Q: 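I am attaching a structure below and will ask some questions about it afterwards.
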Amino acid sequence: MNEQVLSLRLMKVGEKVPQDARLADIGSDHAYLPTFLMLNKKISYAVAGEVVKGPYESAKRQVAKNLLSEKIMVRLANGLAAIQEEDQIDTITIAGMGGALIRQILESGREKGQLKKTETLILQPNIGERTLREWLVLNGYGIVEEEILEENDKIYEIIVAEPMDSVHYSEKELLFGPVLLQNKTETFIKKWQREVKAKERVLGDLQKAQVVPQEKIKEVEEQLAWIKGVLA
Ligand code: SAM
């Protein structure tokens with residue numbers, strides 16, 4: 001992967017970015033995503049935020065090499081602290097991290113007023129999608145688009161959220177994704193079949209324990225029944 005050829009995962013994240021967006025890519029690593037989008041004239045301005053020095057330096061080099069330093073601001077910052085008022089950011093991408101970390105970044109940004117709550121959020125958690133969807137609902141965001149894809153035997157979900165009044169999702173929608181549930185693609189089925197296998201293994205281990213944890217067993221059995229119901 002480089003700024004010319006993105007991974008399928010990042011390419012799909014990029015496809016969700018609105019034309020001419022003013023983008024903040026948080027946890028940008030090499031700044032491949034904003035650089036690619038700028039080279040392809042998809043965005044008009046970007047901030048690439050990185051909290052770790054090494055990736056920050058790589059991002060700076062990447063942007064300079066492509067003569068984009070005037071249009072992509074690379075900043076060493078924790079989460080949404082990379083965004084400044086005058087950037088007039090309207091779209092935020094956070095990709096390639098766990099859902100819990102993305103939630104923490106958004107929550108901290110909300111507390112500190114760095115999140116204006118007018119931005120489109122394009123999120124790609126590697127795991128922990130449920131907790132992220134829960135944060136979105138609790139904070140007045142509705143999920144307008146979702147995608148599930150497989151790359152190198154890993155399955156990824158992308159969630160696009162926009163500010164919305166009175167959103168409610170059921171427990172099932174939070175777990176499986178309100179949009180993904182409406183169209184159970186092959187990849188969606190594969191993800192949850194894998195999940196069934198993993199949970200059955202956990203169940204087997206729990207049943208072999210010296211002191212059998214009945215409560216935990218009940219919880220896993222319930223989750224399994226639920227997933228099997230959605231797959232049926
Ligand atoms: N977004 C890129 C992608 O999807 O390919 C890079 C993903 S990389 C696995 C995650 C990056 O997020 C790392 O470079 C890490 O240093 C950065 N990161 C983690 N926590 C962060 C935070 N709180 N603020 C900014 N960057 C963060």
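Just so you know, ligand 1 is whichever comes first in the structure, and atom 1 is the first atom listed for that ligand. What you see is a predicted model; the values in this text were computed from it and never measured.
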Q: Side-chain heavy atoms under 4.5 angstrom apart, residues restricted to Ile, Leu, Val, Met, Phe, Trp, Tyr: same cluster for Leu224 and Val212?
A: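 They do share one cluster, since a chain of ILVMFWY contacts under 4.5 Å joins Leu224 to Val212.
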Q: Regarding Glu215 and Lys218, does a basic nitrogen lie under 4.0 Å from an acidic carboxylate oxygen?
A: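 Result for this pair is no, no salt bridge flagged.
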Q: If the criterion is any heavy atom closer than 4.0 Å to an atom of ligand 1, which residues make the list?
A: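 The answer is Arg9, Leu10, Gly27, Asp29, Glu50, Val51, Val52, Pro55, Ala77, Asn78, Gly79, Ala95, Gly96, Met97, Leu101, Ile105, counting any residue whose heavy atom sits under 4.0 Å from ligand 1.
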Q: Do other residues, nucleotides or ligands put more than 12 heavy atoms under 6.0 Å from the CD atom of Glu186?
A: no
Q: Is any side-chain heavy atom of Leu123 closer than 4.5 Å to a side-chain heavy atom of Leu106?
A: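 They are in side-chain contact.
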Q: Enumerate donor-acceptor pairs with a distance under 3.5 Å from any side-chain N or O in residues 163-171 to protein atoms, sequence neighbours excluded.
A:
unit_1 : atom_1 : unit_2 : atom_2 : d
Tyr169 : OH     : Ile143 : N      : 2.8
Ser170 : OG     : Glu173 : N      : 3.1
Ser170 : OG     : Glu173 : OE1    : 3.4
Glu171 : OE1    : Arg130 : NE     : 3.1
Glu171 : OE1    : Arg130 : NH2    : 3.2
Glu171 : OE2    : Arg130 : NH2    : 2.9

Q: Looking only at atom types and distance, does a side-chain atom of Thr120 sit under 3.5 Å from a main-chain N or O of Glu162, one as donor and one as acceptor?
A: no
